Amino acid sequence: MRTLFLSACTLLSLAAAAQNNEQMKPEATEVWEPVPKVINAGTETLTAPSDAIILFNGKNLDNWEAEKGGPATWEVKNDAMTVVKGSGLIKTKQQFEDFQLHIEWRTPAEVKGESQGRGNSGIFMQEYYELQVLDNYNNRTYSNGQAGSFYKQKIPLVNACKKPGEWQTYDVIWTAPRFNDDGSLKSPARATVLQNGVLVQNNVELEGQTQYIGKPFYVKHGPKSIALQDHGNPVSYRNIWIRQL
Ligand code: MG
């Protein structure tokens with residue numbers, strides 16, 4: 001009985017959160033201050049340790065699929081995969097809970113667009129929580145939407161972006177959110193992120209699924225994929241591996 005009551009409450013609060021979001025504008029959740037300080041990162045390459053699962057080795061997309069199933073159709077060339085505009089996000093066939101993820105990314109050398117329109121992609125932890133990929137080398141946008149942010153939730157500690165056209169790294173330690181049987185949140189997702197070897201997120205607690213419009217909120221889930229965003233810009237990825245924790 002108690003479980004049923006809580007379930008109803010959870011559903012009602014989720015519906016309310018979703019409805020509130022529908023009445024908001026995207027700008028309502030943009031945070032422009034403070035501006036993370038710009039620093040120069042060192043050089044970092046990291047080959048996969050022996051117990052890692054190789055998600056992308058530069059040769060094929062065998063471990064990936066399209067958002068709604070079927071083969072992933074991004075371009076694979078020169079040991080990298082690149083977003084093909086309009087092909088949609090791609091995600092790992094395997095699903096994960098707690099993990100350490102290494103991924104390398106590169107925004108286009110030819111600079112086009114500004115703010116969110118320049119080299120935009122993203123890496124979704126468990127499909128719902130976007131670690132932003134964006135060219136923020138001399139490109140101002142809202143602080144909680146720049147590279148190294150958890151989109152519209154967590155501003156990075158510094159701006160450790162390299163120049164467009166250069167390879168960059170993210171290393172992510174991810175603790176999945178946990179849920180009670182009735183769907184309510186037991187413990188939030190936590191993340192630590194290094195960009196180019198520099199700490200940009202220090203064991204932060206997420207407020208829910210990242211949202212373009214409105215406030216984040218949690219919806220119960222179990223293990224999920226790592227997903228890469230097609231935001232229409234030809235961003236590339238390489239050397240992707242993961243260690244389950
Ligand atoms: Mg993005």
Side-chain angles (χ1 to χ4, degrees), residues 21 24-32 35-36 55-56 64 66-67 72 74-75 80-92 101-156 159-172 174 189 191 193-196 200-201 204 206-216 224-238 240:
N21 280 354
M24 291 173 79
K25 293 220 158 54
E27 292 78 12
T29 44
E30 294 176 2
V31 177
W32 288 76
V35 182
L55 295 176
F56 178 63
W64 300 79
E67 183 170 12
W74 290 14
E75 182 185 45
M81 62 158 100
T82 301
V83 175
V84 174
K85 186 177 179 176
S87 61
L89 71 73
I90 65 171
K91 60 182 186 177
T92 56
L101 172 71
H102 175 85
I103 186 163
E104 302 181 13
W105 53 277
R106 182 185 63 191
T107 61
E110 186 191 350
V111 170
K112 272 190 191 165
E114 57 182 337
S115 192
Q116 293 286 310
R118 183 183 299 183
N120 194 333
S121 182
I123 303 155
F124 290 90
M125 308 301 138
Q126 298 196 294
E127 302 179 46
Y128 295 131
Y129 313 93
E130 183 186 6
L131 173 60
Q132 178 68 299
V133 167
L134 194 68
D135 173 6
N136 285 114
Y137 189 86
N138 294 330
N139 177 36
R140 182 94 160 88
T141 187
Y142 40 95
S143 302
N144 64 349
Q146 70 179 59
S149 70
F150 276 100
Y151 186 71
K152 286 190 166 177
Q153 288 192 45
K154 298 292 171 192
I155 297 171
N159 180 342
C161 285
K162 296 195 175 185
K163 290 179 183 164
E166 291 186 14
W167 283 103
Q168 311 202 41
T169 63
Y170 277 150
D171 288 281
V172 184
W174 179 258
V193 181
L194 290 90
Q195 181 182 358
N196 302 319
V200 291
Q201 298 289 352
V204 295
L206 297 197
E207 293 146 41
Q209 301 182 8
T210 52
Q211 307 282 342
Y212 171 53
I213 296 174
K215 302 277 187 196
K224 299 286 284 182
S225 304
I226 306 299
L228 304 178
Q229 185 183 44
D230 167 14
H231 203 280
N233 302 147
V235 172
S236 300
Y237 293 94
R238 71 175 185 189
I240 310 173

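Not measured: the values here are computed from a predicted model. Indexing begins at 1, ligand by ligand and atom by atom, following the structure's order.
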Notebook entry, point to check: Where the side chain of Glu104 meets the backbone of Arg238, is there a donor-acceptor pair that is under 3.5 Å apart?
Noted result: no
Notebook entry, point to check: Are the side chain of Thr169 and the backbone N or O of Gln195 linked by a donor-acceptor pair below 3.5 Å?
Noted result: no
Next item on the list: Taking only Lys NZ, Arg NE, NH1 and NH2, and the carboxylate oxygens of Asp or Glu, determine whether Lys152 and Glu130 approach each other closer than 4.0 Å.
Entry: no
Item checked: Option passing side chain to side chain contact (heavy atoms under 4.5 Å, CB included) with Val133 (candidates Ile103, Val83, Ile123) -> Ile123
Note to self: How wide is the angle at the Mg ion (ligand 1) spanned by Asn120 OD1 and Gln132 OE1, rounded to 10 degrees?
What the structure shows: 90°
Checklist line | Atom name of the N, O or S atom in Glu130 that lies nearest to the Mg ion (ligand 1) | finding: OE2
Checklist line | Contact check: Gln229 to the Mg ion (ligand 1), N/O/S below 2.8 Å | finding: yes
